[in-house]
Amino acid sequence: MNTPLSKDSQHFLGNLRLYLVANGKNSDQIEEIMEELEVHLFEAESNDKSVEHIVGSSPQEYMKQISVEMPADYMGWLKYIVLILFGAFSYWVIDKALNGGIEFTVIEILGFPFAGILSLLIYRAFFKYMASKEVSIVKQSMLLFVMGMVSIGLFAGLMLVSEVYQTPLITLNDTGNVIAVMVAVFLFILISLWSKTWVSIIFPILLFGPALILDSTDYPENIKLVVSSLMTMLGILLYCGMTLRKLKNE
């Protein structure tokens, strides 16, 4: 194409891509649909026709129709579930190692997969909503913040319940802690290579970096906790916003 698509067409294609990804469709099939629609939209605009000429008066209904016609990529979703669970487990291991040693309870082992899968379903619902509605940048940022806080709250709640109802199951010694951290770091690298993104490297830095930096200062513990938490949340919010915008513009 010699002439770029209009802003409306680019906006629709970005939302459609996000909607299909959130609905668990195969990435190769998504690319085929995007390329085909891009051609149709370009031809329509070349003839002075709007996006509505291709997608109708309701882009949301058009996105739903395409989604229904495409088969669900269950294996793709399974990969994401495994990716998230192993990634979150690695964060968990490092966090425990940095805070007194690694010890797993029955509640943590049983609740961890539940919290991970529920977080994934929450992300899916939020992304579907943002793709199918006209959402401003401010509202989009607020939704990403809420999404992150809910996910963090699930794992924080799990840890709190585990502290209240202590049921130790596995306790690692110093050597075990070192080995577990090495395995966690290896998993981060493996996930990064497999997913071809930096997310599994950036998130540990955002989660543990601020606390490690502030630990070397003389600030009171409550100030350290508040500042490190704010730095982590703002970093995650910024990264999620940049990733979402990049996904919609691909």
Tell me the closest heavy-atom pair linking [X] and [Y], and the distance in Å.
| X | Y | result |
| --- | --- | --- |
| Leu110 | Pro113 | O-CD, 3.5 Å |
| Ala180 | Leu172 | CB-CD1, 4.0 Å |
| Gly111 | Leu158 | C-CD2, 3.6 Å |
| Lys25 | Pro71 | CD-O, 3.6 Å |
| Leu13 | Met34 | O-CE, 3.0 Å |
| Ser6 | Glu45 | OG-OE2, 2.5 Å |

Requested in this report: Please report the C-alpha distance between Glu36 and His40 in whole Å, then the side-chain angles of each, then the deciding distance to 0.1 Å, and finally whether the side chain to side chain contact (heavy atoms under 4.5 Å, CB included) criterion is met.
Outcome: CA-CA 6 Å; Glu36 184 178 340; His40 290 323; 3.7 Å; yes
Requested in this report: Output, in order, the C-alpha distance, side-chain angles, deciding distance and verdict of side chain to side chain contact (heavy atoms under 4.5 Å, CB included) for Leu187 and Val93.
Outcome: CA-CA 11 Å; Leu187 284 174; Val93 165; over 6 Å; no
Any donor-acceptor N/O pair, [X] side chain to [Y] backbone, under 3.5 Å:
| X | Y | answer |
| --- | --- | --- |
| Ser46 | Phe42 | yes |
| Ser119 | Ala115 | yes |
| Asn177 | Ile102 | yes |

Query - Val164-Val106 co-clustered via ILVMFWY side chain contacts under 4.5 Å - result: yes
Report task. Look at the side-chain heavy atoms of Ile, Leu, Val, Met, Phe, Trp and Tyr, link any pair under 4.5 Å apart, and say whether Val178 and Phe186 land in one connected group. Result -> no
Heavy-atom check, side chain of [X] versus side chain of [Y], under 4.5 Å:
| X | Y | value |
| --- | --- | --- |
| Glu69 | Gln65 | yes |
| Val185 | Ile189 | yes |
| Tyr165 | Ile107 | yes |

Query - Residues that Phe188 engages under ring pair (Phe, Tyr, Trp, His ring centres under 6.0 Å), provided they are two or more places apart - result: Tyr91
**Report entry** Qualifying residues under ring pair (Phe, Tyr, Trp, His ring centres under 6.0 Å), relative to Tyr62, sequence neighbours excluded
**Finding:** Phe12
Query - Which residues share a salt bridge (charged side-chain N to carboxylate O under 4.0 Å, His left out) with Glu108, sequence neighbours left out - result: Lys96
Report task. Would you please test Asn26 and Met70 for side chain to side chain contact (heavy atoms under 4.5 Å, CB included) and show each step? Result -> CA-CA 8 Å; Asn26 181 272; Met70 295 175 66; 5.9 Å; no
**Report entry** Over 12 non-hydrogen atoms of neighbours within 6.0 angstrom of CG in Asp174
**Finding:** no
